[in-house]
Amino acid sequence: MTNRRCLFRLLTAVALVIGGLCQAPAHAQDKAPVVFAAASLKNALDDANAAWKQAGGSGATLSYAASSALAKQIEAGAPADLFASADLAWMDYLTGRKLIRPDSRVDLLGNDLVLIAPANSTVSAEIASGFPLRSMLSGGKLAMANVDSVPAGKYGKASLQKLGVWSDVEGSVAQAENVRAALLLVSRGEAPLGIVYKTDAVSDPSVRIVATFHADSHEPIVYPFALTADTNSTQAEAFLTFLKSDAAAALFRKQGFTILDPARP
């Protein structure tokens with residue numbers, strides 16, 4: 001373990017001791033699991049967590065951010081039990097550093113990429129090679145998650161490059177720290193258009209879907225889930241099992257996700 005990871009864990013342990021002096025001790029494996037999850041999973045995982053708790057689970061502590069930021073935190077020693085990424089690359093990043101349990105990994109969900117506008121916008125478009133995205137912005141910004149590190153931003157940039165319009169709009173992109181932050185820019189009317197996941201768009205009545213990007217314009221959008229290498233939480237394993245269940249699948253579908261894993265219990 002690197003010195004940085006050791007220091008991160010030491011500081012975390014001290015904080016937990018100070019915060020728990022007046023609490024009765026509990027076995028680590030019985031505590032609520034800490035789940036680091038891509039921001040686009042928030043609505044679905046919040047619902048799944050509530051359903052799991054209602055079914056007798058401990059309930060999980062959920063932390064949402066960009067997959068890139070979460071992966072880097074895990075690498076630095078953050079005490080996560082389960083990681084849910086919005087793309088394969090950041091899960092592969094942790095796998096290559098032996099920070100997740102490969103036997104627990106499951107490519108569970110799929111998603112679509114969409115172009116959105118504020119709900120009261122009248123803009124329309126058909127996404128195709130060379131479509132007039134720049135003129136559609138009318139001098140405004142195109143809201144996207146960070147195009148270099150955040151999965152939604154990387155998918156979006158790849159699509160626009162393949163369609164031949166990235167160079168037209170590159171200077172007009174407002175990059176956000178994660179896909180939900182990009183959604184908020186459009187929802188508040190601060191950007192006339194944005195590129196987010198379908199599941200983000202359907203979660204916010206203040207935006208509407210203008211058009212959907214063809215799946216062949218970017219790499220498949222896949223959400224892998226896996227336990228971290230350092231976890232000893234049996235509850236984390238139980239939560240992951242629940243997330244692969246038919247009950248959880250119904251909640252994911254309700255939010256617009258597709259289920260990729262055919263081996264659910």
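Note that the structure is a prediction, hence the values are computed from the model and not measured.
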Quick one: are [X] and [Y] in side-chain contact, heavy atoms under 4.5 Å?
X      : Y      : answer
Val186 : Pro118 : yes
Ile259 : Arg253 : yes
Leu251 : Leu45  : no
Leu82  : Pro33  : no
Pro224 : Leu108 : no
Leu113 : Ser159 : yes
Asn49  : Leu62  : yes
Asp112 : Phe213 : no

- Task: Write down the atom of Ser187, the atom of Asp204, and the distance for their closest heavy-atom approach.
- Result: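 Minimum heavy-atom contact is OG-OD2, 2.9 Å.
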Please list all pairs meeting ring-ring contact (aromatic ring centres under 6.0 Å, His included) that have one or both residues in [range], counting only residues at least two apart or in different chains.
range            : result
residues 91-121  : Trp90-Tyr93
residues 97-119  : none
residues 149-188 : Tyr155-His218

Ignoring hydrogens and geometry, is there a side-chain-to-backbone donor-acceptor pair from [X] to [Y] under 3.5 Å?
X      : Y      : result
Thr212 : Val114 : no
Thr95  : Met91  : yes
Gln175 : Val147 : yes
Ser245 : Phe242 : yes
Ser149 : Ser68  : no

Please list every donor-acceptor pair under 3.5 Å in which a side-chain atom of residues 123-144 meets a protein atom from a residue at least two apart or in another chain.
residue, atom, partner, partner atom, Å
Ser135, OG, Pro132, O, 3.0

- Query: Hey, quick one: are Ile221 and Ile209 part of the same hydrophobic cluster, counting side-chain heavy atoms closer than 4.5 Å, chains of contacts allowed?
  - Reply: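 Yes, Ile221 and Ile209 fall within the same hydrophobic cluster.
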Quick one: list whatever passes salt bridge (charged side-chain N to carboxylate O under 4.0 Å, His left out) with [X], sequence neighbours left out.
X      : answer
Glu237 : Arg101
Asp47  : none
Arg208 : none

[X]: partners by ring pair (Phe, Tyr, Trp, His ring centres under 6.0 Å), with sequence neighbours left out:
X      : value
Phe225 : none
Phe252 : none
Phe257 : Tyr223

Sequence neighbours excluded and cut-off under 3.5 Å, please list the side-chain donor-acceptor pairs for residues 191-203, or say none.
residue, atom, partner, partner atom, Å
Tyr197, OH, Ala152, N, 3.1
Thr199, OG1, Asn111, ND2, 2.8
Asp200, OD1, Arg180, NE, 2.6
Asp200, OD2, Tyr197, N, 3.3
Ser203, OG, Asp200, O, 2.6

- Query: Should Asp230 and Lys98 count as an ion pair when the cut-off is N to O under 4.0 Å?
  - Reply: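 A salt bridge is absent here (no side-chain N lies under 4.0 Å from a carboxylate O).
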- Task: Look up atom OG in Ser206 and atom CG in Leu183, then write down how far apart they are to the nearest 0.5 Å.
- Result: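 Ser206 atom OG to Leu183 atom CG measures 9.0 Å (nearest 0.5 Å).
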- Pairs satisfying salt bridge (Lys or Arg N to Asp or Glu O under 4.0 Å), at least one member in residues 152-174, at least two apart: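 Sorted result for residues 152-174: Asp87-Lys154.
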